[in-house]
Visitor: 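This structure is in structure tokens; I'll ask about it shortly.
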Amino acid sequence: MTYVAVCLGRDDSITNNFIKQVNKKKQSVQQMEKEIASQSNAVEKGFNKHEGPFVQRLDTALQSFKVKRQQYFGGVFVGNHIYKALKLSNISIMCSSMIQVAHEKCPTLVDTVSATAEKFTTVFSLLERYHSIYDQLFIDELKVTELEHAISEFMESFRASFPSSSISLKMHLLEDHTVPWARRTGTGFGLLGKQGAESIHARFNTLQRTYQCIHNKVDRLLSIVKEHSLSISPRIVESIPLPNKRAKS
């Protein structure tokens, strides 16, 4: 640059100013390159389970309403956390947190993330609608019809929002078998939850300790089953014949 200035007959002040401007532009370009590299790194890491800024912010959003992904289930929701996560207010918290991360880490992704968040908001809201119906213990015909429409809207929205996604086995069961089963039995999936079986297991463990004094294993098991049956259905007592009274001598 100095050589060009000398050849053009420029004085030192003009040369120095020219060099300063070039260096300033160079620093600006280098700064832009760093920002692009940083944003590219954020996009590349994206949803990495440990480092991704989106996943980290999602975990923070979940913890704000006391929901935590369970590691031993592959990071999915279990138990009552599903009910919390599907509340409309909490759906909004999760999806809006993703948009906030895009604004902070990679502004070029804001439009894409906003569109994706809108899709998930719609799908999760429809998921909450049918989930609240089929999770009931007993369903009449009016509820079955409502459930059928809710499942249809959910599946239609899912296919439109994520056309490249496959339909899992559970979604197939939901779409093709849930309504006929509910209509035939008059019950929802609330009776099929594993929490009930787990609570019975705990109940049997308690009864096992109570009747541990009975040495004969068969008699002990019969006593446990009898106690449990009476606790869940007291009307059974009515069918138990009374012992014959002994005649007075």
Side-chain angles (χ1 to χ4, degrees), residues 24-135 150-175 193 195:
K24 187 176 180 180
K25 291 289 184 181
K26 182 179 178 180
Q27 292 175 357
S28 177
V29 171
Q30 290 176 342
Q31 182 64 30
M32 290 178 62
E33 289 177 346
K34 289 182 180 180
E35 292 179 0
I36 292 174
S38 176
Q39 293 185 9
S40 299
N41 188 37
V43 174
E44 183 178 350
K45 287 201 281 189
F47 290 90
N48 181 281
K49 291 184 178 180
H50 304 291
E51 300 180 271
F54 290 101
V55 171
Q56 290 179 357
R57 187 63 60 85
L58 178 60
D59 285 338
T60 301
L62 292 172
Q63 292 171 10
S64 68
F65 46 86
K66 299 181 179 179
V67 169
K68 185 177 181 180
R69 295 182 296 138
Q70 304 300 324
Q71 296 301 324
Y72 50 85
F73 276 111
V76 299
F77 302 133
V78 295
N80 293 329
H81 288 181
I82 295 177
Y83 298 96
K84 291 183 179 180
L86 287 180
K87 288 184 177 180
L88 297 181
S89 58
N90 293 337
I91 292 174
S92 177
I93 291 174
M94 288 188 290
C95 293
S96 61
S97 68
M98 299 297 96
I99 300 175
Q100 185 178 0
V101 173
H103 277 289
E104 296 173 359
K105 301 292 185 180
C106 189
T108 56
L109 284 179
V110 170
D111 291 341
T112 301
V113 173
S114 298
T116 303
E118 184 177 354
K119 291 180 181 179
F120 274 99
T121 299
T122 301
V123 171
F124 282 165
S125 299
L126 294 174
L127 173 61
E128 187 278 334
R129 180 185 171 194
Y130 83 72
H131 187 273
S132 64
I133 301 174
Y134 84 53
D135 199 48
I151 292 176
S152 177
E153 289 182 5
F154 168 75
M155 293 302 300
E156 182 179 349
S157 176
F158 178 83
R159 288 190 172 98
S161 300
F162 311 103
S164 61
S165 299
S166 60
I167 302 299
S168 66
L169 176 59
K170 289 185 177 181
M171 295 180 74
H172 161 70
L173 294 174
L174 172 70
E175 184 175 28
Q195 288 85 355

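Below, each value reflects all heavy atoms present in this structure, side chains not excepted, and no hydrogens, waters or symmetry copies.
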Visitor: Find the distance between CD1 (I133) and CD (E128) and round it off to the nearest 0.5 Å.
Guide: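 It comes to 9.0 Å.
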Visitor: What distance do L174 atom CG and M155 atom CE have between them, rounded to the nearest 0.5 Å?
Guide: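 If we round to the nearest 0.5 Å, L174:CG and M155:CE are 6.5 Å apart.
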Visitor: Which pair of non-hydrogen atoms, one from F54 and one from M98, has the smallest distance, and what is that distance?
Guide: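 Looks like O-CE, 3.1 Å.
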Visitor: Is it true that a side-chain atom of S132 and a backbone atom of R129 form a donor plus acceptor pair closer than 3.5 Å?
Guide: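 Yes, the answer is positive, given that a donor and an acceptor are paired below the 3.5 Å cut-off.
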Visitor: Compare every heavy atom of I93 with every heavy atom of S64, then report the nearest pair and how far apart it is.
Guide: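 The pair with the smallest heavy-atom distance is OG-CG2, 4.0 Å.
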Visitor: Does S97 reach the main-chain N or O of M94 with its side chain, forming a donor-acceptor pair under 3.5 Å?
Guide: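 Answer holds: yes.
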Visitor: Nearest 0.5 Å, what's the CG-CZ distance between L127 and F158?
Guide: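 Going from the CG atom of L127 to the CZ atom of F158 covers 10.5 Å.
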Visitor: A85 and N90: which non-hydrogen atoms are nearest, and at how many Å?
Guide: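 Looking at all heavy atoms of both residues, the closest pair is O-CB, 4.1 Å.
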Visitor: Show the nearest heavy-atom pair for residues K84 and F65, with the distance to one decimal.
Guide: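 Taking K84 first and F65 second, the nearest heavy atoms are CD-O, 3.7 Å.
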Visitor: Who pairs with F124 by ring-ring contact (aromatic ring centres under 6.0 Å, His included), at least two apart in sequence or on another chain?
Guide: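 In terms of ring-ring contact (aromatic ring centres under 6.0 Å, His included), with neighbours along the sequence ignored, F124 is linked to F120.
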Visitor: Counting distance only, does the side-chain N/O of S157 pair as donor-acceptor with the main-chain N or O of E153 below 3.5 Å?
Guide: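 A pair under 3.5 Å: no.
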Visitor: Minimum heavy-atom separation for A160 and P163, please, with both atom names.
Guide: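 That closest heavy-atom pairing would be O-CD, 3.8 Å.
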Visitor: Which pairs count as salt bridge (charged side-chain N to carboxylate O under 4.0 Å, His left out) when at least one residue sits in residues 162-171, sequence neighbours excluded?
Guide: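 Every candidate salt bridge (charged side-chain N to carboxylate O under 4.0 Å, His left out) pair involving residues 162-171 fails, so no pair, neighbours aside, qualifies.
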Visitor: Dump the intermediate steps for side-chain contact (heavy atoms from CB on, under 4.5 Å) on M171 and F154, then the final yes or no.
Guide: CA-CA 10 Å; M171 295 180 74; F154 168 75; 4.0 Å; yes
Visitor: Assess whether atom CD of E118 is packed by more than 12 heavy atoms of other residues, nucleotides or ligands within 6.0 Å.
Guide: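 No, not enclosed.
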Visitor: Find the distance between NE2 (H103) and CG (L109) and round it off to the nearest 0.5 Å.
Guide: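 Output value for this atom pair is 11.0 Å.
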Visitor: When rounded to the nearest 0.5 angstrom, what distance separates CD1 in I99 from OG1 in T116?
Guide: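 Here the interatomic distance stands at 9.5 Å.
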Visitor: Can you tell me how far OG of S125 sits from NZ of K87, rounded to the nearest 0.5 angstrom?
Guide: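 It comes to 14.5 Å.
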Visitor: Measure across A150 and Y130 and return the closest heavy-atom pair with its distance rounded to 0.1 Å.
Guide: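 So the minimum-distance heavy-atom pair works out to CB-CB, 3.6 Å.
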